[in-house]
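To start, the structure itself, in structure tokens.
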Amino acid sequence: GENVEQHPSTLSVQEGDSAVIKCTYSDSASNYFPWYKQELGKGPQLIIDIRSNVGEKKDQRIAVTLNKTAKHFSLHITETQPEDSAVYFCAASKVGSQGNLIFGKGTKLSVKP
Amino acid sequence: KAGVTQTPRYLIKTRGQQVTLSCSPISGHRSVSWYQQTPGQGLQFLFEYFSETQRNKGNFPGRFSGRQFSNSRSEMNVSTLELGDSALYLCASSRTERSKETQYFGPGTRLLVL
């Protein structure tokens, strides 16, 4: 089955710096890759997603890149702010198993003012 | 548009009891998935329902079950609770069961088994 690995598990940056979180997946049939942000006491919130026919997607300070050949995708946050502090999860799913997201273990991002 | 709602938000049970959790999807969404989140195992898929039918099931014992009603609301049930069932149970909804549909999560139900 699919396996998603996420690195690093913790990341601390200064406000204004960039943060990069990387994930690799094992199943080449995976074709949908969302990123979620989870704040304490809340459910995961979708921040950006990418589909297998796209290599890069950007939304303001957040961007995601996908390399299907290498089977990895990354989240880039630029100009980080204290409110970006949270746990970030990457996930993957494939046709026929859309409701079944396989999640990475999460990255705890701390942005220091 | 209101988001995914889950009730109750917190629950304390004792070993051997059973529990039922409820999820109301975003209006117009017909697919509901359930996940278990624990510090050790992270987020793990339980099952997915679409049009009252279970479409996918994760690797959990038969004590975990679910159902979906005609209005797309869903419930999950855990029987004969064990200490290890203590977790945050998350429900997510999407418009359809088709590939690449975005899933939106509710706030979760935190279950503590004593």
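Side-chain heavy atoms closer than 4.5 Å link hydrophobic residues (I, L, V, M, F, W, Y) into clusters, and following such links, even through other members, never connects B/V4 to B/Y89. Cluster annotation: B/F105 is not connected to B/Y49 through the hydrophobic network of ILVMFWY side chains, with a link wherever side-chain heavy atoms come within less than 4.5 Å.
The number of heavy-atom neighbours closer than 6.0 Å to CG of B/L114, taken from other residues, nucleotides and ligands shown, is above 12. Heavy-atom contacts from other residues, nucleotides or ligands closer than 6.0 Å to OH of B/Y104 number 12 or fewer. Atom NZ of B/K57 is surrounded by more than 12 heavy atoms from other residues, nucleotides or ligands within 6.0 Å. Other residues, nucleotides and ligands contribute over 12 non-hydrogen atoms within 6.0 Å of the NZ atom of B/K13. Around the CD atom of A/E79, the shell of radius 6.0 Å holds no more than 12 heavy atoms that belong to other residues, nucleotides or ligands. Within 6.0 Å of CZ on B/R15 lie no more than 12 heavy atoms contributed by other residues, nucleotides or ligands. Within 6.0 Å of atom CD in A/Q60, 12 or fewer heavy atoms from other residues, nucleotides or ligands are found, so the atom counts as exposed in its surroundings.
Heavy-atom distances place no part of B/Q6 under 4.5 Å from chain A, backbone and side chain included. When heavy atoms are compared at a cutoff of 4.5 Å, A/Q45 does not approach chain B at all. Contact annotation for A/K105: only side-chain heavy atoms (C-beta onward) come within less than 4.5 Å of a heavy atom of chain B. Neither the backbone nor the side chain of B/L46 comes within contact range of chain A; no heavy atoms are under 4.5 Å apart. Heavy atoms closer than 4.5 Å to chain A are found nowhere in B/R110, neither backbone nor side chain. B/L43 touches chain A through backbone and side chain together, each having a heavy atom under 4.5 Å away. Contact annotation for A/P34: neither backbone nor side-chain heavy atoms come within less than 4.5 Å of a heavy atom of chain B.
Atom OG1 in B/T102 sits 4.5 Å away from atom CG in A/D49 (nearest 0.5 Å). The distance from atom CD of A/Q38 to atom CG of B/L88, rounded to the nearest 0.5 Å, is 6.5 Å.
The backbone N or O of A/L101 lies less than 3.5 Å from a partner atom in the side chain of B/Y35, making a donor-acceptor pair.
Nearest approach of B/L90 to A/G43, heavy atoms of both residues: CD2-CA, 3.9 Å. Taking both residues in full, the closest heavy atoms of A/Y36 and B/Q103 are given as OH-O, 2.6 Å, listed atom of the first, atom of the second, then distance.
Your options are A/P44, A/G104, A/A91, A/G41, and the one with the most heavy-atom pairs under 4.5 Å with chain B is A/P44.
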(request) Assess whether side chain to side chain donor-acceptor pair (under 3.5 Å) is satisfied between B/S33 and A/N100, documenting all intermediate values. (result) CA-CA 7 Å; B/S33 295; A/N100 177 5; over 6 Å; no

